[in-house]
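Encoded as structure tokens, the structure appears first; notes follow it.
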Number of protein chains: 2
Amino acid sequence: MAAVHPGQHKSFSLPPARERIDRAAYELFSRHGVRAVGVDAVVARAGVAKKTLYLYYPSKEKLALAFLQRREALWTQAWLQEGVNRRARRPADRLVAVFDLFDSWFHRSDYEACAFIRVLFEHDDPAHPIRKSTEDHIRTIRDFVRQLAEEARVRDPDGFARQWQIVMMGSIIAAYAGDRDAARRAKKLGVLLLADAGIRSRSRARI
Amino acid sequence: MAAVHPGQHKSFSLPPARERIDRAAYELFSRHGVRAVGVDAVVARAGVAKKTLYLYYPSKEKLALAFLQRREALWTQAWLQEGVNRRARRPADRLVAVFDLFDSWFHRSDYEACAFIRVLFEHDDPAHPIRKSTEDHIRTIRDFVRQLAEEARVRDPDGFARQWQIVMMGSIIAAYAGDRDAARRAKKLGVLLLADAGIRSRSRARI
DNA sequence: CTTCTGGTAGACTGATCGGTCTACCGGGCA
DNA sequence: TGCCCGGTAGACCGATCAGTCTACCAGAAG
């Protein structure tokens with residue numbers, strides 16, 4: 001028994017098998033949802049034996065929860081949060097930059113919409129762990145928006161963040177239903193909201 | 001062979017069996033979506049033989065399309081459109097009344113969110129007939145909003161309607177994710193939009 | 001009376017689901 | 001050399017899926 005953690009490879013990285021499973025689950029669940037994708041499809045895409053998947057995850061549900069975690073790491077944090085922080089400095093401009101990011105997202109040919117909303121709709125039982133997890137991840141996004149709102153000295157940061165997120169989610173649906181310019185329309189709404197909150201955003205003139 | 005239309009009962013009404021099927025499908029598909037509900041569940045709830053369902057509908061897909069039609073009749077027309085027309089007279093006030101209706105909807109204990117959005121997310125293939133149908137029904141709702149926007153003499157009725165629908169759909173998701181006051185927040189957004197379009201709504205003072 | 005019709009009850013098919021299990025394999029290490 | 005271990009390939013299980021089929025039944029019509 002060597003002094004390595006269980007599940008840890010000798011090269012001090014995750015076993016390639018597990019990483020391939022996580023990646024395959026991410027690609028399939030992001031695009032098609034959890035219900036529509038069977039474990040056989042995940043296993044086939046990962047190029048892995050079924051038993052290997054069940055070595056790392058005791059059930060499909062746990063795999064789905066891990067997928068939602070990964071979605072938060074890759075989408076919410078690495079893409080959305082780092083994206084807006086890179087695009088602007090002032091908090092109000094960072095808020096508006098959300099919709100600039102959305103605009104490029106909506107125009108991707110493989111636009112897959114929001115996995116959290118998609119999986120949220122797959123479970124109508126409010127007590128189901130997967131549903132509660134999606135609500136947590138949606139709340140995390142709102143917390144990020146509220147943080148920016150506080151930095152921008154908005155009057156009611158919580159109410160502002162909830163309104164902002166309504167516009168975010170609504171534009172995601174609109175884009176998925178065919179309106180690829182939904183981000184541009186959402187941006188106008190955002191600028192209106194900021195103006196109403198007494199904040200002047202630099203991006204206003206650019207519309 | 002009597003002179004009655006095929007499929008028509010002697011009492012000049014739809015056969016009770018078919019009506020029970022449609023009602024059962026409506027209740028189940030509205031709440032849980034199409035994918036999550038099996039035909040056996042529909043049949044059981046309707047108290048009908050499986051063969052009877054397949055007498056009226058050649059496949060589950062056709063049943064789902066009929067359900068979406070019924071949803072438009074009951075939700076879009078009878079509930080939403082007639083509701084706002086009853087609540088207000090001036091077009092701008094009717095627009096705002098959408099969110100008053102939403103508020104009572106969101107606070108129902110059996111709030112089921114929007115079936116069109118739910119079913120839209122169930123099908124990622126843009127060419128799938130069910131997905132195209134949901135997009136049609138979403139467009140129908142937007143047409144209704146645009147009609148009101150035109151009557152309210154809004155500058156860009158199409159753009160306005162698309163923004164209005166972004167707020168509508170976003171609030172539906174927010175409410176489903178736990179924020180039961182989403183309609184109140186959406187109403188504020190709507191009033192902002194109307195004010196920006198140069199329209200003064202009567203409901204502004206009431207917020 | 002018989003016959004036709006619209007319906008019921010439910011067995012059945014083949015596919016697919018999540019999940020388990022056996023048998024095997026190859027590289028590193030003692 | 002031989003063993004352990006992470007992994008593969010894939011058969012298998014019971015449940016459920018959409019959809020079909022047989023057998024039966026009640027009421028109205030001729």
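A note on names: the letters A, B, ... follow the listed sequences, proteins ahead of strands, and every chain is numbered from 1. Values below: every heavy atom of this structure, side chains too, minus hydrogens, waters and symmetry copies.
In this view, A:Arg86 satisfies the salt bridge (Lys or Arg N to Asp or Glu O under 4.0 Å) rule with no residue, not counting sequence neighbours. Checked against ring pair (Phe, Tyr, Trp, His ring centres under 6.0 Å), B:His32 has no partners two or more places apart in sequence or in another chain. Every residue was checked against the salt bridge (Lys or Arg N to Asp or Glu O under 4.0 Å) condition with B:Arg87, not counting sequence neighbours, and none meets it. A search for salt bridge (Lys or Arg N to Asp or Glu O under 4.0 Å) contacts involving B:Asp124 returns nothing, not counting sequence neighbours.
B:Val42 comes within 4.0 angstrom of no nucleic acid atom, judged by non-hydrogen atoms across all strands. Note on A:Val37: only backbone sugar-phosphate atoms sit closer than 4.0 angstrom, heavy atoms only; bases stay farther off.
Bending across the helix from C:dC1-D:dG30 to C:dA30-D:dT1, expressed as the angle between its end axes from five pairs apiece, amounts to 20° (10° rounding).
One interatomic measurement links the two molecules: NZ of B:Lys60 to C1' of C:dT16, which rounds to 14 Å at whole-angstrom precision. Between the C1' atom of D:dT8 and the CD1 atom of A:Ile21 lies a distance of 12 Å, rounded to the nearest Å. Atom C1' of nucleotide C:dT8 and atom CZ of B:Arg18 are separated by 19 Å, given to the nearest angstrom. The interatomic distance linking A:Leu53 (CG) with D:dG10 (P) rounds to 17 Å, in whole Å. Separating the CZ atom of A:Arg35 from the P atom of D:dC17 is a distance of 10 Å, rounded to the nearest angstrom. The separation between B:Tyr56 atom OH and C:dG6 atom P is 8 Å, rounded to whole Å. Rounded to an integer number of Å, the gap from A:Leu28 CG to C:dC17 P is 12 Å. Between B:Glu61 atom CD and D:dC17 atom P there is a gap of 18 Å when expressed in whole angstrom units.
Pairs of residues two or more places apart, or lying in two chains, that qualify as salt bridge (Lys or Arg N to Asp or Glu O under 4.0 Å) and include a residue from residues 47-65 of chain A are A:Asp40-A:Lys50.
The shortest distance between the side-chain N/O atoms of B:Tyr54 and the OP1/OP2 oxygens of C:dG6 is not below 4.0 Å.
The residue among A:Asp40 and A:Pro58 whose nearest nucleotide of DNA chain C lies closer to the 5′ end is A:Asp40.
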For B:Leu148 and B:Phe144, what are the C-alpha separation, side-chain angles and deciding distance, and is it a side-chain contact (heavy atoms from CB on, under 4.5 Å)? CA-CA 7 Å; B:Leu148 289 178; B:Phe144 170 66; 3.8 Å; yes
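Set against C:dT20, C:dT8, D:dA18, the side chain of B:Ala49 has C:dT8 as its closest nucleotide. The nucleotide whose nearest atom lies closest to any side-chain atom of A:Lys51 is, among C:dT8, D:dT8, C:dG19, D:dT8. Closest approach to the B:Arg20 side chain among D:dG7, C:dT8, C:dG18 is made by C:dT8 (side chain taken as heavy atoms from C-beta onward). Picking from D:dG7, C:dT20, C:dG10 the nucleotide with the shortest atom distance to the side chain of A:Thr52 gives D:dG7.
Between B:Tyr26 and the choices B:Arg31, B:Arg71, B:Arg70, the side chain to side chain donor-acceptor pair (under 3.5 Å) rule is met once, by B:Arg71.
Residue B:Lys50 places a side-chain atom within donor-acceptor reach of the base of D:dG19, judged by atom type and a 3.5 Å distance cut-off alone.
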